[in-house]
Structures are given as C-alpha cells and as structure tokens.
Amino acid sequence: MAPVKVSGAVVAAAAIFMLSSYCYWSFFSRLSEKKKRKENLSMRNGLVDAIGNTPLIRINSLSEATGCEILGKCEFLNPGGSVKDRVVVKIIQEALESGKLFPGGVVTEGSAGSTAISLATVAPAYGCKCHVVIPDDAAIEKSQIIEALGATVERVRPVSITHKDHFVNIARRRAKEANESASKRRLRSESNGKHQEKTNGCIVEEEKEPSLFSDSVTGGFFADQFENLANYRAHYEGTGPEIWHQTHGNIDAFVAAAGTGGTLAGVSRFLQEKNERVKCFLIDPPGSGLYNKVTRGVMYTREEAEGRRLKNPFDTITEGIGINRLTKNFLMAKLDGGFRGTDKEAVEMSRFLLKNDGLFVGSSSAMNCVGAVRVAQTLGPGHTIVTILCDSGMRHLSKFHDPKYLDRYGLSPTAIRLEFLGIK
C-alpha cells in the first residue's frame, strides 16, 4: 500500500485547529478561575458576617525546624482581633433567639480582655450594649480598647472565683441588676408611664433608685463564657469544620491552651468525630491545674501544694489561658494528652516568630506554638499539626511585649533559635 502523503495545507489546518482549541480552553479556564476569585472576594453582609473563615497558614520556621507541617489558624484577623469574636456572636445569637436578651439590652461579662473586646465590637451590631468587669492587673491597653469601643469597663481587684467579688461574679450580678432595673421601669410604664403617688392633694413623682444602667436598657444578659456551651458550639460548628476543610482532612494533630476551654473542646470533638486518629492535646501555662487533670486525672499544682500561690489565680504572665477548675466547656473536650509550657518558652517563642515569620502574636498564641513544637517532637517528622493564633501582640504591649516588665520577672528573651525547646 502506498504511503499517504499529507500536504502542508492539512498540517497547517491541523495546527490551527489545535491552537484554536487550546486558546478556547485557556480562555474559558481563565474565565472560570476569575469567576471563582470573584466569588471568594464577594461582599460580606456587615461585621458579623466577616467573622470566621480565617486563613490557615503554614508557620514556615517551625515547620522547617521540626520536619512537620505546623499550621496556624489566624484568628487575630477577625474584626475584633481575636478568636473570641466567634464565641460572642454565638452567645448573643442564641440569647436573642431564646428570648433571654432583647435589642437594647446590655450584655455583661467578666473577662481578662479578649472576650470583652469582642463583646464591645459585636454587641452594637445586634443593637445591644456591653458592660465588662475586668481584673485590674490585666494589660491596661485592653481596657482602653474596650472603652474606646463604647463599652462600660469596671476594673476590680483579682480574687478567687469563690469570692463574691471575683470579676466574673460581679458581671453576673450586673446582669441581674440590669434586669431588675428594666423590670421596675416596665412596671412604672404600665402605670401611665410614671409611678406617682398623691400626697396632700399634690402629685409627687416617685424618686428613682440609682442605677448603673440608663433608662433605655431593656434588660441584662450574663454571657457566662466559661459555662455557656454556646462557646463550645461556636468552635464545633465553625472553627473545627473550617480546619478540616482547609487541610482537606489531612491533619494528624491539634493543640491549644485552654481558658474557658471552648476552642479546645469544640475543635477537638469535631476533628475526632471526623477521624478518630486525629490526636488532640492541651498546652497549659504555669500554675494551671488542667495539665494535671489531663495527664494524672486530678486538679493539682505544685504551687497549691506548697502554698506558694501569688495573688493571681495562677502564676503566669500569659493572659486568657490557664484555670484551676473544670468548666462545662472544657468537659466537652476529647484529648489524648497534654504538655506544660513555661512563661519563658512563650516569651522566646513570640520573639522567634516575629524575627523569622513576621508574626507578632500575643501570649496565648505564643504558648500554642510552643505546644505545636512539643507535639511535633512527640509525633516525629512528617505530620500535620494545627494550632490557633488567638490574637496579635498589639494588646499585650504593657506586659508580655514590654522589655522592662519582662526583665523584672527574669523573662527577658535570650534565645538565638529554638534551643529553649531543645532544638539546635
């Protein structure tokens, strides 16, 4: 059979066809990508809709040092600057839906800072006011931020949670007082708008009792972040699923510190329900009893045993983490173990991340990263470990990021690399 001759015109036509097909595919591929990018950049409906769906980033320095993929969930990018934005939204939404809170009401909370800032940020979006009670040894910039956001700040001395004047217990009382005040106003309103009495033929207006809250307040609601399981649900329904989606399910471990316990509980329970092989760990600051509870089954600290506790409930410069009681939120956690972190490790870690990754983090975020390295050392290279970058260092300037303050307690950073965690 004679070979088939292919003319130059046929070759040219084939080439033109292939080129046209490629251009057609390339054009619509780019169009599809552009559409996807546009959808990702679509407008969000107000401040509340902008909370959550935070980026999950690779912490390059820690990943390269450990041989693991260490990822940080950038909760400091929420509108209120911390992971607590999620909790506040869930608490307020559930309170409004249940009728425990109404627009015009005041939300009260006892907070060392971040939850209070989130409340002051988010409450106005629901038409509510905010009253926070804060220990007077918390970083001063936190109360300044809260006041600048329009909330009422009540600073009190730190005492045991069992004391009636612990900042959380005072916040609970303030909600009750707001409800009583609103109830009395409603009763007066039902009596033609003002409660009056006749004396000697004259109309005398009843003297109003002094109140911390204005006449426009419709009632009070105590957020109760430690015991309100809306905290846990915010992370079980939000943070956990986001981490699972962002890692495409390729995650070996999760680690975080606990204050209220909501983040650790919600994320750990969701991840382990998706894959029981995902290991979840606690990292605990000095003086907190949670490490002992997780690893030994009892709430016990050397400080308590030796009677060396200071005026604080736990002896640490970190804020918002560590506790000596089991909250309802923490009890929801599913944990495989725990690690003890130190203040010096947290300080060193914060400076290491700033120098090597450009990450300016707060004390709890730094402690979480200490925990991530500990988990990497335990599991060995080749694992994917996720932690939470709770807030930035901007609200820790007067203590955790103040050289003079650190020097006073012998916590000035000296490390070159990660030798403080045994990595040369």
Side-chain angles (χ1 to χ4, degrees), residues 52 54 56-57 59 62 68-78 82-87 112 114-115 225-226 231-236 238-244 246-247 251-272 278-286 288-291 293-295 314 316 318-323 326-327 329-342 345-346 349-350 353 359 361-379 383-392:
T54 52
L56 184 69
I57 65 169
I59 304 177
L62 301 185
C68 289
E69 288 295 294
I70 294 184
L71 312 178
K73 190 96 164 91
C74 296
E75 292 300 293
F76 59 84
L77 294 178
N78 280 308
S82 84
V83 68
K84 295 297 185 178
D85 282 12
R86 297 175 182 268
V87 177
S114 288
T115 302
Q225 61 168 330
F226 286 88
N231 183 345
Y232 154 79
R233 286 188 287 272
H235 299 291
Y236 180 82
T239 319
E242 287 175 27
I243 290 172
W244 182 259
Q246 289 169 319
T247 58
I251 174 174
D252 297 296
F254 174 76
V255 60
T260 65
T263 305
L264 188 61
V267 174
S268 66
R269 185 165 287 268
F270 177 84
L271 292 177
Q272 292 202 352
V278 176
K279 302 295 183 183
C280 296
F281 299 93
L282 165 79
I283 177 73
D284 211 27
S288 172
L290 296 180
Y291 168 77
K293 181 62 178 177
V294 170
T295 59
F314 33 86
T316 177
T318 61
E319 294 186 5
I321 55 175
I323 194 170
L326 294 176
T327 67
N329 284 288
F330 185 82
L331 288 171
M332 298 299 292
K334 298 184 71 175
L335 300 176
D336 296 282
F339 301 91
R340 171 76 79 197
T342 69
E345 289 170 348
M349 177 60 76
S350 69
L353 294 174
L359 289 170
V361 300
S363 57
S364 55
S365 301
M367 189 65 81
N368 283 350
C369 289
V370 169
V373 172
R374 291 298 188 204
V375 173
Q377 291 171 321
T378 300
L379 299 183
H383 293 88
T384 298
I385 301 159
V386 175
T387 193
I388 302 292
L389 302 180
C390 315
D391 65 0
S392 80

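None of these values were measured; they are calculated from a predicted model. When a residue number appears, it is its place in the shown sequence, counting from 1. Computed over heavy atoms, backbone and side chain alike; hydrogens, waters and symmetry mates excluded.
Contact annotation: the side chain of Met349 approaches that of Val373 to within less than 4.5 Å [non-hydrogen atoms, C-beta and beyond]. Glu242 places none of its side-chain heavy atoms less than 4.5 Å from the side chain of Leu56. A 4.5 Å side-chain heavy-atom check between Val386 and Leu271 finds every atom pair outside the cut-off. The shortest side-chain heavy-atom distance between Cys369 and Leu389 falls under the 4.5 Å cut-off. Put simply, the side chain of Ser365 reaches to within 4.5 Å of the side chain of Asp391, judged on heavy atoms. Residues Ile323 and Phe330 are not in side-chain contact: their nearest non-hydrogen atoms beyond the backbone lie 4.5 Å or more apart.
Here CD of Glu75 is found 11.0 Å from NZ of Lys84. Values are rounded to the nearest 0.5 Å. Rounding to the nearest 0.5 Å places OG1 of Thr318 at 12.0 Å from CD of Glu345. In this structure, CD1 on Ile283 lies 7.5 Å from CZ on Arg374, to the nearest 0.5 angstrom. Distance check: Leu62 CG to Glu69 CD gives 11.5 Å after rounding to the nearest 0.5 Å. Distance check, rounded to the nearest 0.5 Å: CD1 of Ile243 to CG of Leu71 gives 9.5 Å. Interatomic distance, CG of Leu282 versus OG of Ser268, reported as 10.5 Å (0.5 Å rounding).
Counting all heavy atoms, side chain and backbone alike, Cys68 lies closest to Ala376 at SG-CB, 3.8 Å. Here the shortest heavy-atom pairing between Cys280 and Lys334 reads CB-O, 3.5 Å. Taking each heavy atom of Phe270 and Tyr236 in turn, the nearest pair found is CD1-O, 3.6 Å. Taking all atoms of both residues into account, the shortest heavy-atom contact from Ser114 to Ser82 is CB-OG, 3.8 Å. Nearest heavy-atom pair, Glu319 versus Ser364, reported as atom, atom and distance to 0.1 Å: O-CB, 4.2 Å.
Side-chain atoms of Thr387 come within 3.5 Å of backbone atoms of Val255 as a donor-acceptor pair (strictly under, hydrogens ignored). Of the possible polar contacts, none joining the Thr384 side chain to the Asp252 backbone as a donor-acceptor pair under 3.5 Å is found. Remark: the backbone N or O of Met332 is paired with a side-chain donor or acceptor of Arg269 at under 3.5 angstrom. The closest donor-acceptor contact from the side chain of Asp284 to the backbone of Arg340 lies at 3.5 Å or more, if one exists at all. Without hydrogens or angle criteria, Gln272 side chain to Val278 main chain gives a donor-acceptor distance under 3.5 Å. At distances below 3.5 Å, not a single donor-acceptor pair connects side-chain atoms of Ser392 with backbone N or O atoms of Val361. Looking only at distances, a side-chain donor or acceptor of Asn78 sits under 3.5 Å from a matching main-chain atom of Gly52. A donor-acceptor pair is defined here as one N or O able to donate and one able to accept, closer than 3.5 Å; no such pair exists between the side chain of Asn329 and the backbone of Gly261. Side-chain atoms of Asn368 come within 3.5 Å of backbone atoms of Ile388 as a donor-acceptor pair (strictly under, hydrogens ignored). Under the 3.5 Å distance criterion, the side-chain polar atoms of Asn231 are left unmatched by any main-chain donor or acceptor of Val87.
Side-chain N/O atoms of Gln225 and Thr260 include no donor and acceptor closer than 3.5 Å. A side-chain donor-acceptor contact under 3.5 Å links Thr54 and Lys73.
Tested against Phe254, the residues Leu335, Ile385, Leu264, Val375 include a single side-chain contact (heavy atoms from CB on, under 4.5 Å) partner, Leu264.
Below 30°, between 30° and 60°, or above 60°: for Phe281 and Phe339 the angle between ring planes is between 30° and 60°, a tilted geometry.
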